[in-house]
Amino acid sequence: MMSSALLICLPACQQHDAQAETHHEQEIVVTLPQIKDIDFTEQYVCQIHSQRNIEVCALAGGYLQEIHVNEGQVVKKGDVMFSILPILYKSRLDAESAEAQLAQLELNNTRKLFEQKIVSTQEVALFEAKLAKAKAKVKLAEAEWAFTEIKAPFDGIMDRLHEQLGSLIAEGDVLTTLSDNSVMWVYFNVPEARYLQYEAAAPEEKREQTIELVLADGSKYQQEGKIVAVEAQFNNETGNIPFRADFPNPDGLLRHGQTGNIVIHHTLKNATVIPQRTTFEILNKQYVYVVGNDNVVRQREVVVEHEMDDIFVLQSGLKPDERFILEGVRQVHDGQKIACQLRKPEEVLTHLKYHAE
């Protein structure tokens with residue numbers, strides 16, 4: 001009889017030991033969300049444009065008589081860039097000047113006749129009007145003649161020459177391109193969600209943002225920029241809207257048509273931060289396992305506002321005092337009761353400067 005009882009107790013003891021071992025295996029490491037200000041970095045591909053980039057065109061037709069500038073040369077406002085020999089305009093100016101001289105002689109003669117009381121005041125007025133018309137035609141011909149000298153409309157840098165010396169030029173032909181590179185306009189596309197965050201930010205938060213430009217070789221441009229414009233409409237295909245940041249260009253390093261990357265640094269106040277490894281994905285949504293006061297595991301969706309190197313900044317889903325599983329996510333399931341060990345969030349998240357994806 002004793003031998004039989006012993007045989008019955010042995011499995012029970014083994015079962016108790018197995019339960020104790022299972023209980024030990026289910027001790028899961030949990031943590032809390034970290035609420036802290038963190039430095040946040042965004043990066044966007046950009047296009048660099050001159051604040052003014054124009055085509056310099058011929059205002060009159062004729063032969064390209066002189067080229068006073070070289071390709072790549074810096075010019076000042078008012079500098080003569082090209083001289084055109086317009087035979088037609090020169091002949092017109094000479095003809096109109098002769099007509100004006102004739103009208104002046106006729107007026108002088110009419111005034112003498114008026115003094116002799118041979119003609120009326122109406123005759124004098126008629127020849128005065130004729131002279132005024134002739135002088136107006138001379139001014140018009142002089143303006144057309146002035147078009148033969150093409151001057152720089154602003155300080156800038158020359159592009160390549162489109163026509164060579166001696167070429168026959170028609171009115172409107174492009175001779176070169178002139179760029180004002182004193183300030184560069186840098187365009188980059190921002191997603192709709194980020195646009196809404198930017199518009200909702202307080203003015204002081206916008207001013208605190210640091211705007212940097214990284215050039216094609218990976219070097220950082222020395223001047224900081226500022227966002228000055230947002231375009232009027234979104235691209236329906238990409239869901240983006242163009243922003244513009246202005247960068248001073250005192251050394252002339254930046255040129256029209258360059259590319260690079262805009263890097264925006266700003267601080268997220270009281271951000272809710274969790275490690276990425278604590279989440280799992282179901283149908284393109286992120287979830288964590290929350291552990292209640294009764295130590296029961298519950299699956300919960302979290303909404304990610306920003307994704308960075310190895311963390312998620314949450315928009316919603318977790319309160320500051322709620323525990324969630326840090327290690328062992330794959331070892332539990334919804335509704336399971338566990339034994340857990342709390343690890344402080346400061347021990348989990350030690351690096352608080354991140355790069356946005």
Side-chain angles (χ1 to χ4, degrees), residues 41-59 64-84 146-167 169 172-190 194 198 206-232 240-266 355-356:
T41 300
E42 302 168 89
Q43 195 170 116
Y44 304 98
V45 176
C46 65
Q47 293 281 340
I48 302 171
H49 295 263
S50 304
Q51 67 172 347
R52 286 184 287 185
N53 180 260
I54 65 166
E55 293 179 336
V56 179
C57 299
L59 301 176
L64 186 55
Q65 185 178 28
E66 289 187 64
I67 299 176
H68 303 278
V69 289
N70 295 317
E71 294 180 338
Q73 179 181 334
V74 175
V75 297
K76 297 294 184 181
K77 180 179 179 179
D79 287 351
V80 177
M81 303 173 68
F82 302 95
S83 295
I84 296 174
F147 288 165
T148 62
E149 282 193 342
I150 301 172
K151 300 179 181 180
F154 51 78
D155 296 353
I157 184 169
M158 285 266 301
D159 196 4
R160 68 182 182 89
L161 296 172
H162 291 260
E163 300 291 346
Q164 299 301 318
L165 191 66
S167 300
I169 305 299
D173 283 354
V174 177
L175 303 179
T176 187
T177 303
L178 185 65
S179 299
D180 178 1
N181 292 344
S182 57
V183 175
M184 305 304 290
W185 292 356
V186 180
Y187 293 90
F188 56 100
N189 293 321
V190 173
R194 181 67 189 98
Y198 176 81
K206 295 178 181 178
R207 287 193 296 268
E208 289 174 359
Q209 293 182 353
T210 302
I211 316 295
E212 295 178 344
L213 175 61
V214 178
L215 303 177
D217 62 353
S219 63
K220 186 174 74 172
Y221 184 59
Q222 295 303 312
Q223 302 287 334
E224 289 187 3
K226 59 180 180 179
I227 295 175
V228 297
V230 180
E231 290 197 6
N240 294 334
I241 188 169
F243 275 49
R244 193 191 93 200
D246 287 3
F247 285 82
N249 190 29
D251 299 326
L253 176 63
L254 302 181
R255 298 292 180 96
H256 181 80
Q258 279 183 265
T259 60
N261 288 282
I262 284 289
V263 180
I264 303 176
H265 302 281
H266 57 95
H355 172 71

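What you see is a predicted model; the values in this text were computed from it and never measured.
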Rounded distance [0.5 Å steps], CG in L253 versus CG in N181: 10.5 Å

Within-4.5 Å side-chain heavy-atom neighbours: I54 and P153: yes

Which atom of S179 lies closest to which atom of F154, heavy atoms considered: C-CE1, 4.1 Å

Under 3.5 Å side-chain donor-acceptor pair for T210 and H266: no

Side-chain heavy-atom pair T41, V263 within 4.5 angstrom cut-off: yes

Side-chain heavy atoms of M81 within contact of T176, under 4.5 Å: yes

Validation row: E163, I169 side chains within 4.5 angstrom (heavy atoms): yes

Derivation of the side-chain contact (heavy atoms from CB on, under 4.5 Å) call for I157 and R255: CA-CA 9 Å; I157 184 169; R255 298 292 180 96; 3.4 Å; yes

Short side-chain donor-acceptor distance under 3.5 Å, S50 and D180: no

Nearest atoms (heavy-atom pairs only) where Y221 meets P250: OH-CD, 4.1 Å

Polar side-chain atom of N249 near backbone of V183 as donor-acceptor pair, under 3.5 Å: no

Beyond-backbone contact of E224 with I211, side-chain heavy atoms, under 4.5 angstrom: no

Partner of C46 by side chain to side chain contact (heavy atoms under 4.5 Å, CB included), out of F188, F243, Y187: F188

Between CZ on residue R244 and CD on residue Q51, distance to nearest 0.5 Å: 8.5 Å

Approximate separation, where rounding is to 0.5 Å, of W185 CH2 and N53 CG: 11.0 Å

Any T259 side-chain heavy atom under 4.5 Å of Q47 side chain: yes

Any donor-acceptor N or O pair under 3.5 Å, side chains H265, E42: no

From H68 atom NE2 to Q65 atom CD, the distance as rounded to the nearest 0.5 Å: 8.0 Å

Which atom of Y198 lies closest to which atom of I227, heavy atoms considered: OH-CG2, 3.5 Å

CA sep, side-chain torsions, deciding dist, call: V186, I262, side-chain contact (heavy atoms from CB on, under 4.5 Å): CA-CA 8 Å; V186 180; I262 284 289; 3.7 Å; yes

Residue pair V75, M158: steps toward the side-chain contact (heavy atoms from CB on, under 4.5 Å) verdict: CA-CA 7 Å; V75 297; M158 285 266 301; 4.2 Å; yes

D155 versus K77, closest heavy-atom pair with distance: OD1-N, 2.6 Å

Student check: side-chain heavy atoms of I150 and V80 closer than 4.5 Å: no

Closest contact, heavy atoms only, H256 versus H49: CE1-ND1, 3.3 Å

Audit row: L178, D159, side-chain contact (heavy atoms from CB on, under 4.5 Å) steps and yes/no: CA-CA 6 Å; L178 185 65; D159 196 4; over 6 Å; no

Euclidean distance, N261 CG relative to L213 CG, rounded to 0.5 Å: 8.5 Å

Side chain D217, main chain S219, donor-acceptor under 3.5 Å: yes

Crowding at CD, Q73 (>12 non-hydrogen neighbours, <6.0 Å): yes

Rounded distance [0.5 Å steps], CD1 in I241 versus CD in E231: 7.5 Å

K220 side chain near L215 side chain, heavy-atom distance below 4.5 Å: no

